[in-house]
Structure formats: C-alpha cells, structure tokens
Amino acid sequence: MPPKNKKRARTDQAPSHDELHKLRETEALFKSNLFRLQTTELLKEASPAYSSPALQGLEAWVRGLRQALLQLPETELSWERTADGASCSHEHLAPLGLHGAKVALGWRPPAKIELVGSYLLRTVARPALNLDMTVQIPAACLQEKDYLDNRYVDKRLLYLAHLGASLRAAAAEGKVGGVVLDPSSIKFASLPHMPDPDWPVLQLTARAAAAGAAAGAGEEWVIRLIPSLDGAALAASKLRPGRANLRAPGGGAAADAAAAPSAEYNNRLSLESRYAASLAMLHSHLSTDANGVVMEAAILLKTWARQRSIGQAGGASGFQLTLVLLHLLKKRKLSLQMGSYHIFRVALRFLASTDLRQHPIILPAARDLNQVYPADVDPEDEEVGAAARAHAAASARAELNAKAAEAAALFAPHFAWVLLDSEGGVNYGAGVGAGALQELQAQAGLSLALLDASNLDDAEAFAQLFTAPQPPPLRYDAVLTLRGLPALASAPSAAALAAEVEALLVRGLGDRASLVRVWLEPPRVAADAPAARGLTLQAGLELNAEKVLRLVDRGPAASEAAKLPAWSALWGDKSQARRFKDGAIVHALVWESAPEARHGIVLQLVRHLL
C-alpha cells in the first residue's frame with residue numbers, strides 16, 4: 001500500500017515582523033542579499049564557538065596555569081651592570097638590558113591573576129586567537145618612588161624574566177599543576193599598543209581541545225601574560241601627563257626642573273593598573289546587548305582593520321576600535337536595535353568624517369550613575385527617590401564630564417589621539433600616531449565609497465572590504481626602511497622615536513606627500529630576553545604625483561626673519577638664498593637629479609633629513 005502523502009507546510013503565510021525587518025535592512029543597507037549572506041558567514045567563521053568542548057578544555061587549561069603561577073616560590077633577584085656584561089643572582093637574568101646600574105627585586109608570586117581582553121567580551125576574531133591574562137605584581141615588590149627614571153620598567157623586566165624562567169623549568173619537569181605546557185613556547189613578545197622592547201609580555205601557546213583529545217589536536221591559541229599593578233601601587237598624582245618622571249642621570253636639581261614631561265611613560269604606568277577596569281567598563285555597557293550586535297560589529301571592524309594592517313605598530317588596535325563603538329553608543333549614534341553590519345557602517349562613517357587628532361573622546365563610566373543618592377534622601381521613598389535619582393545622576397554626569405574635559409586638555413599637547421577614561425586618569429589612545437589616524441580616516445572613507453559603488457559586484461566588494469589583504473607595499477607609493485638612526489639610543493621610547501621621525505618627514509616632504517606614516521617593525525619574539533633597542537622603522541609615503549618630481553623647494557623669503565630659524569634648523573647648509581626669474585629672493589633647496597631619475601629625489605630628501 002503506497003504511503004500517504006505528508007501534509008505540506010503552508011507557504012502562503014505573511015512574513016513575520018523579524019523577516020520583514022531583515023528584508024528592509026537588506027534593501028536599505030546591504031548591496032544585495034548575497035552580500036548579507038557573505039557577511040553572516042564571515043561572522044560565523046571569524047568568531048570561535050565559546051560553548052564548544054574545545055574551548056571549555058582551554059578554559060580548564062587556563063585555570064590550571066593560573067594555579068601553577070600562584071604557587072611559584074619566592075626568591076631574591078639582583079642584577080648589576082659590569083664592564084663585561086652583567087652580574088646576576090640568576091643566570092636567566094644575564095641577557096637583560098636594564099636602565100639602572102644596579103637593580104634588586106624581592107620576587108613574589110602574582111598577587112592576582114585575571115582574565116581580560118576580547119575573550120571575555122566574546123570579540124575574538126580569527127585568525128588572531130589570543131587570550132590575555134594579567135599577572136599583578138605584588139605591592140611588596142615595589143617602592144614608593146619606582147615611578148621615577150624607569151625603575152618600574154627595570155623591575156617589571158626582572159619580574160617577567162623570572163616568571164618565564166620559573167614557568168619554563170616547571171613545564172620541563174611536568175610540574176605545572178597537571179597542565180601540559182611546551183617550555184619552548186614561553187617567549188617574550190609585545191602588545192600592539194606597546195611595541196617597545198622595554199615593555200614586553202610573556203607569550204605561550206596552548207591547544208583548544210576537548211578532554212581526552214589526542215595530543216596536538218585543536219586550534220592553537222596564544223596566551224599572553226601581561227604584568228599589571230594594583231591601582232594604589234603608584235600614586236596617580238605623580239603620573240599626570242605634565243610631570244617629568246624621566247630625569248637625566250647626574251643632572252642635578254636644575255636639570256630635573258628643566259626636564260621635558262614624560263607623558264607617554266606616565267600613561268603607560270597608569271595603564272598597567274587599568275586592564276581590569278577597562279574590561280569592566282566595556283562589559284557593563286555591552287552586557288545589555290542581548291543580541292550581540294555590538295560584539296559582532298567589533299569583529300567586523302577588527303577584520304576590516306586587519307586586512308589593511310591598520311593595527312600594525314603605532315596604529316589603532318582592535319581594543320581601541322571597540323572603545324570607539326562604546327563612545328558611539330554613549331553619544332546615541334548607535335542603537336542596540338541596529339544590526340551588526342549597520343553598526344559597522346555607522347562606525348566607518350564616524351571614522352571617515354571625524355579628525356580624531358582634533359576631537360578628544362571621553363569614554364563613559366562603568367558604574368551606574370542612576371544609583372547615586374544624596375545623603376538626605378531615602379531611596380525607599382519611590383516618589384522622592386525617583387526625582388533624587390534623576391537629579392543626582394545628572395549632577396554626577398556633569399561633574400564627571402567637566403573633570404574629564406579638563407583632563408583631556410592636559411593630555412592633548414602630548415598625544416595625537418586622546419581616548420580618555422571617564423576619570424581622566426589614562427589615555428587609551430596613546431601609541432597611535434598622527435599619520436596612523438590620518439590613514440585610518442582615509443581608509444574608512446575609501447571603504448564607504450566601496451560599499452556605495454555601483455560598478456563593483458557583490459563578491460568583489462566583499463573581498464576588498466573583508467578578505468583581500470592590503471599590506472603596506474600595496475597601500476603606499478613608497479615604503480622606506482630606516483635602520484641605525486643615531487637617536488635610537490637616546491629616545492625615551494621606541495614609539496617616541498617613531499613619532500619624532502614621522503613629524504620630521506612631514507615637515508620635510510611638505511606637499512610632496514599627502515600621507516606620511518612611520519611605524520616600528522614588531523620586536524622579535526625570543527625566549528631569553530626582549531629585543532635590543534636597535535629597532536627598525538618603516539615609513540610609508542603616499543606621494544603627490546604633481547609635486548613629487550620637482551627639483552626646487554622654495555622656503556621663506558629673505559625678509560621673513562621669523563621663519564628663517566626653523567627653516568635653517570631643518571635644512572642646514574642645503575638651503576641657500578636665491579633670486580628667481582619672478583624677482584623673488586627666497587631661501588630654496590635645489591636637488592641634483594637626471595631627468596630619468598627624478599623619482600629618487602624623495603630618497604635624497606629623506607636621507608638628508610635623517
């Protein structure tokens with residue numbers, strides 16, 4: 001007997017509200033339904049499956065590592081510079097290059113170990129599978145004035161070097177609390193916002209595999225151990241951007257008084273105690289995102305930025321771009337009712353239309369200001385309490401905004417980008433140069449134009465936006481490698497040197513270049529010690545085709561006495577006063593070049609400047 005036909009599902013039902021919303025969103029925002037499907041699939045591929053047995057196994061591995069770190073034994077460390085190297089209490093400290101002549105540290109296991117970063121926020125984006133943990137240096141290891149003269153930097157290096165050596169030895173003996181750890185994977189590395197050999201982190205690798213899986217199975221994750229401080233370890237008043245905490249050795253009181261502010265150094269010290277606070281701030285605002293659209297938008301932004309190498313040293317990191325999304329939420333330019341792609345487009349439009357060098361950003365506070373009550377108000381009184389809550393919240397917000405605006409004015413002279421926490425204590429935008437911000441704005445504008453272009457099909461537009469790599473040689477007209485600069489040994493930091501070189505090239509190239517971006521090659525990853533200070537800089541130039549081949553650069557006229565000192569300081573003997581056919585007498589530069597080799601004038605100019 002033939003089987004009965006199954007009852008067919010009705011296909012004549014009206015679309016649901018959610019289906020209509022998606023149809024309208026696709027028509028208004030996406031280039032087509034195919035583009036939407038590609039974006040949805042990208043989010044699935046880029047985001048790890050956090051509830052999978054493999055990541056549950058990784059989390060168990062991290063818990064075991066945490067216990068092993070907390071149980072490391074105490075010891076006394078010492079390092080002293082000698083004529084033929086260094087005299088050290090432990091052999092593994094010998095490769096270190098410290099600032100001080102003699103450094104001692106009573107090593108103690110971490111006071112606290114916390115999981116921070118994008119893993120807890122669920123904004124990890126493949127292929128960068130990173131899991132960050134802060135290891136808090138105990139207050140007993142530090143002294144009151146360790147904020148001065150790189151003393152904390154030296155102790156931080158000693159602490160991290162011994163932590164890595166102890167972990168390596170325990171792993172070799174199989175005594176890491178049941179955790180399987182490859183000793184050779186424990187190395188010094190750098191964070192994107194601090195590509196400086198003086199400020200390394202420890203990096204190790206682990207496999208995300210379910211319990212009982214074969215050895216070597218699962219995706220490889222990078223675990224980064226980041227030194228941190230308790231908020232009260234160093235006085236916040238000593239870390240304001242205008243203070244000079246890096247003094248010339250043996251300079252005396254007069255030299256100390258004349259020392260330049262060490263804003264970048266001070267900010268890094270402040271940042272060491274803010275990792276958990278920044279995570280709490282983000283989590284407190286994003287926890288209301290029930291659909292996860294802001295987290296998905298953060299993954300799209302990270303993927304977009306990675307394809308353009310925007311996050312390379314000196315550029316905006318994924319963490320900083322996530323903070324920009326938080327700022328847009330605060331300003332109500334975003335809504336949690338938007339889709340992730342809609343939020344991504346709004347963020348691109350903000351980046352393309354805003355010169356971040358001229359517009360400081362003040363982030364919202366993590367705490368709920370609506371819970372603030374005046375001392376004489378009973379919160380149980382519903383009628384009085386509601387009005388009091390509204391008034392107190394408004395007053396608290398106004399007070400915080402005034403305080404943060406005042407702090408932003410203090411940070412602005414020292415940093416290209418001011419991305420300030422609500423208390424005005426730390427600038428999360430530090431380390432991003434002016435050229436990087438200009439490039440970020442330009443790339444956002446190009447991407448918006450790409451999305452609106454009618455002459456590109458869906459596959460090509462999606463590839464150029466999210467999947468096609470655009471490394472520096474494809475983005476710039478010229479990429480210069482700068483090695484052995486004399487200032488390397490004396491610059492307060494590698495990032496400061498890159499900013500100084502970038503500013504010099506901008507002044508020297510003038511209208512020959514529409515964009516100058518200088519960045520650091522990432523320090524090498526090594527097991528024994530961070531990379532030496534002999535770093536390499538890269539300079540990317542976008543050149544003006546109409547100006548770049550000229551042989552003569554005109555400077556100030558002989559009558560412009562106020563401009564002559566700066567011009568002469570920049571060009572020296574290369575500049576000479578000349579009379580031109582139009583009768584003008586100006587200081588000018590004349591570059592010697594054959595007609596077929598005039599493209600090399602830029603290289604002549606850069607070599608002369610540096």
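No hydrogens, no waters, no symmetry mates; every other heavy atom, side chains included, goes into these values.
- Between R517 and Q538, every side-chain heavy-atom pair lies at or beyond the 4.5 Å cut-off.
- By the 6.0 Å and 45° rule, R151 does not stack over the aromatic ring of Y147.
- Separation of atoms CG (L163) and CZ (R168) is listed at 9.5 Å; rounding is to 0.5 Å.
- Under the 4.0 Å criterion applied to side-chain N and carboxylate O atoms, E76 and R108 are assigned as salt-bridge partners.
- Using a 4.5 Å heavy-atom threshold, the side chains of Y159 and P110 count as touching.
- A heavy-atom distance below 4.5 Å is found between the side chains of R224 and N130.
- When every heavy atom of S422 is checked against every heavy atom of I362, the shortest pair comes out as CA-CG2, 4.5 Å.
- Below 30°, between 30° and 60°, or above 60°: for H92 and H162 the angle between ring planes is between 30° and 60°, a tilted geometry.
- Of the charged side-chain nitrogens involved, none lies within less than 4.0 Å of a carboxylate oxygen, so that R308 and E439 do not count as a salt-bridged pair.
- With N427 contributing its side chain and L419 its backbone, the two residues share a donor-acceptor pair below 3.5 Å.
- Within the 4.5 Å cutoff, side-chain heavy atoms of Q443 are placed close to those of I310.
- Here the side chains of V62 and M133 are in contact, with some heavy-atom distance below 4.5 Å.
- Around atom CD of E91, no more than 12 heavy atoms belonging to other residues, nucleotides or ligands sit under 6.0 Å away.
- With a 4.5 Å cut-off on side-chain heavy atoms, S47 and E296 do not count as touching.
- There is a side-chain donor-acceptor pair under 3.5 Å between N245 and N266.
- The shortest distance between side-chain heavy atoms of Q136 and L229 does not fall below 4.5 Å.
- Taking the six-membered ring where tryptophan is involved, the planes of F344 and F466 are tilted, since the angle between them lies from 30° to 60°.
- With respect to E272 and R268, no salt bridge is recorded, no charged nitrogen being found less than 4.0 Å from a carboxylate O.
- A salt bridge is absent between R156 and D198; no separation between the charged side-chain nitrogens and carboxylate oxygens falls under 4.0 Å.
- Residue Q67 qualifies as enclosed at atom CD: its count of foreign heavy atoms under 6.0 Å is above 12.
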